[in-house]
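Following: one structure in structure tokens, then a few remarks.
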Amino acid sequence: MIFDDKYYMSKALELAKKAWGKTVPNPMVGAVIVDNGKIVAQAYHKKDGDMHAEKSAIKNLKKPLSKNATIYVTLEPCSTKGRTGACTEAILKSGIRNVVIGALDPNPLHNGASLSFFKKHKIYVKHSVLKKECEDLNFIFNHNIKNKSAILIAKFATSKNFKISKKLGVPTKISSKESSTHLHELRNLTNAIGVGSNTLFSDNPKLTARANNKENCKMRLIFDRGLRTADCDLKKFNVFTDKFKSKTFVVCDLNSSKEKINLLKNQKVKILQIASKRNQEKLFWKLLSKKLFEMKIYSLLIEGGSEILKSLFETKSANYFFAYVSEKVFADSAPTALPEKFQKHILSAPSIKLGKDMLYFSQC
């Protein structure tokens, strides 16, 4: 059976996904070496600081290659030395004379540099094979490189008519088991999870990633610009009492009460104060994303509630969204996830089936 470039690139993509959430701030990359129609070596970039996928695949070779050997790699091979040496040089030294690339490096300083290198050394090179799939895999990395800020991802689960619960302030199970599984995979991918104080009070969420019988927590943000948490018994809330409590931050702004900030600090609560005022919504999100990036937090998954989501969409501050839409229908009087003007945009996005739900996802 003869396989084409897309087939081998899909195999490289499968490998890359094995490092889901483990390579930050680096991208997920997979590489497959094919010789005379057979896969003879393969590898993926396992975690930040480890050997790159291309070099690992070359290292895994068991015997010399023919002149027909091809390496398939999901992201353009690096052409600068970095911490582990340039992959373009490693490919040249290996004797591989055919290179197929999924997506080019989004960094303007490196974008296309490998193409010039390979052509100079008479190595055949082809790019943009399964380009969209390869780019989509590293949507967080791509945003970080281009914008030098954390990516803000809006996540919400709604009924078919865009309601987030049956009644205001009452937690309602909306999503299928399959959607829940996907959400925890998404949480594993991102560096931080954020919710508003209304969600904290009504749902008492854990805001952890729970998958494969493991519970992980990187950073949790509670958006509480009025500092309502300072007036509460914090022992009631999971995020302030569990084993990950040191990773919880209360986010406020310049209008927030200094007295309440001190009350929270006295209870060993970490505060993240953003240098914007209450009416500067767009500036708040912009400064937050820059601040998180400085803290080496490269992605924030914002899980509502409705006021937070509305602010993100109204100010065009969300960079990406994941909308889990159930087949359930709630009463018209139930609280709405987003204003109607945004609903058509959500439903026009690419989607996949998750159990009985639909997941819509796209750049904003």
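It should be emphasised that the depicted structure is a prediction, and the values quoted were computed from it without experimental measurement.
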Residues in side chain to side chain contact (heavy atoms under 4.5 Å, CB included) contact with Ile39, at least two apart in sequence or another chain: Tyr8, Lys11, Val32, Val34, Gln42

Polar side chain donor-acceptor pair, Thr229 to Asp224, under 3.5 angstrom: yes

Ser256 and Arg225: side-chain donor and acceptor closer than 3.5 Å? no

Please tabulate, for the side chains in residues 199-218, all donor-acceptor contacts under 3.5 angstrom to protein atoms that are two or more places apart in sequence or on a different chain.
from: Thr199; atom 1: OG1; to: Gly305; atom 2: N; distance (Å): 3.0
from: Ser202; atom 1: OG; to: Asn198; atom 2: O; distance (Å): 3.0
from: Asn204; atom 1: OD1; to: Asn238; atom 2: N; distance (Å): 2.9
from: Asn204; atom 1: ND2; to: Lys236; atom 2: O; distance (Å): 3.2
from: Thr208; atom 1: OG1; to: Arg210; atom 2: NH1; distance (Å): 2.6
from: Thr208; atom 1: OG1; to: Glu215; atom 2: OE2; distance (Å): 2.8
from: Arg210; atom 1: NH1; to: Thr208; atom 2: O; distance (Å): 3.4
from: Asn216; atom 1: ND2; to: Asn188; atom 2: OD1; distance (Å): 3.2
from: Lys218; atom 1: NZ; to: Asn188; atom 2: O; distance (Å): 2.6
from: Lys218; atom 1: NZ; to: Thr190; atom 2: O; distance (Å): 3.3

Could you tell me whether the side chain of Ile261 reaches within less than 4.5 Å of the side chain of Cys252, counting heavy atoms only? yes

Non-hydrogen side-chain atoms of Leu75 and Cys134 separated by less than 4.5 Å: no

So, Asp35 side chain and Ser66 main chain: donor-acceptor pair closer than 3.5 Å or not? yes

Does any pair with a residue in residues 354-364 pass side chain to side chain donor-acceptor pair (under 3.5 Å), and if so which ones, sequence neighbours excluded? Ser176-Asp357, Ser179-Asp357

Are Ser56 and His45 linked by a side-chain donor-acceptor pair shorter than 3.5 Å? no

Residue list, side chain to side chain donor-acceptor pair (under 3.5 Å) with Lys132, at least two apart or on another chain: Asp136

Give, for atom CD1 of Ile193 and atom NZ of Lys247, the distance between the pair rounded to the nearest 0.5 Å. 11.0 Å

Can you name the ring pair (Phe, Tyr, Trp, His ring centres under 6.0 Å) partners of Phe361, sequence neighbours left out? none

4.5 Å side-chain heavy-atom contact, Met295 and Lys291: yes

Residues Ala323 and Ile346: closest non-hydrogen pair is CB-CG2, 3.6 Å

In the structure I gave you, are the side-chain heavy atoms of Leu137 and Lys17 within less than 4.5 Å of one another anywhere? yes

According to ring pair (Phe, Tyr, Trp, His ring centres under 6.0 Å), does anything in residues 161-198 pair up with another residue at least two apart or in another chain? List the pairs. His182-Tyr324

Under a 4.5 Å cut-off applied to non-hydrogen side-chain atoms, are Val24 and Asn144 in contact? no

Contact between Asn68 and Asn36 at the side-chain level, heavy atoms closer than 4.5 Å - yes or no? yes

Less than 3.5 Å apart, any donor N or O on the side chain of Ser159 or Asn161 sitting next to an acceptor on the other? yes

Under 3.5 Å: donor-acceptor pair, side chain of Asn147, backbone of Ser149: no

Short question: side chain of Asp50, backbone of Lys46 - any donor-acceptor pair under 3.5 Å? no

Min side-chain heavy-atom separation Leu338-Phe313 under 4.5 Å: yes

Return the set of residues passing side chain to side chain contact (heavy atoms under 4.5 Å, CB included) with Asn138 (not counting sequence neighbours), or none when no residue passes. Pro27, Met28, Phe141, Asn142

Residue pairs passing the side chain to side chain donor-acceptor pair (under 3.5 Å) test where at least one lies in residues 326-350, sequence neighbours excluded: Lys163-Thr336, Glu314-Lys341

Check Asp231 with Lys260, please: is the shortest side-chain N to carboxylate O separation under 4.0 Å? yes

Taken to the nearest 0.5 Å, the spacing of Asn98 CG from Ile71 CD1 works out to 11.0 Å

Which side-chain N or O atoms in residues 111-130 pair as donor and acceptor under 3.5 Å with protein atoms at least two apart or in another chain?
from: Asn111; atom 1: ND2; to: Asp105; atom 2: O; distance (Å): 2.7
from: Ser114; atom 1: OG; to: Glu76; atom 2: OE2; distance (Å): 2.9
from: Lys126; atom 1: NZ; to: Asp5; atom 2: OD2; distance (Å): 2.9

Let me have the donor-acceptor pairs involving side chains of residues 164-174, under 3.5 Å, with sequence neighbours excluded, atom names and distances please.
from: Ser165; atom 1: OG; to: Lys167; atom 2: O; distance (Å): 2.9
from: Thr172; atom 1: OG1; to: Lys166; atom 2: N; distance (Å): 3.1
from: Thr172; atom 1: OG1; to: Val170; atom 2: O; distance (Å): 3.1

Salt bridge (charged side-chain N to carboxylate O under 4.0 Å, His left out) involving Glu303 - partner list, sequence neighbours excluded: Lys155, Arg187

Could you tell me whether the side chain of Ile140 reaches within less than 4.5 Å of the side chain of Leu189, counting heavy atoms only? yes

Distance check, rounded to the nearest 0.5 Å: Phe342 atom CZ versus Cys364 atom SG? 9.5 Å

Pairs involving residues 273-293, ordered by first then second residue, that meet ring pair (Phe, Tyr, Trp, His ring centres under 6.0 Å) (sequence neighbours left out): Phe223-Trp285, Phe293-Tyr298

Output for pair (Gln267 CD, Lys235 NZ), nearest 0.5 Å, gives 9.0 Å

Could you give the distance from NZ (Lys316) to CD (Glu281), rounded to the nearest 0.5 Å? 16.0 Å

To the nearest 0.5 Å, what is the distance between CG (Leu263) and CG (Leu227)? 9.5 Å

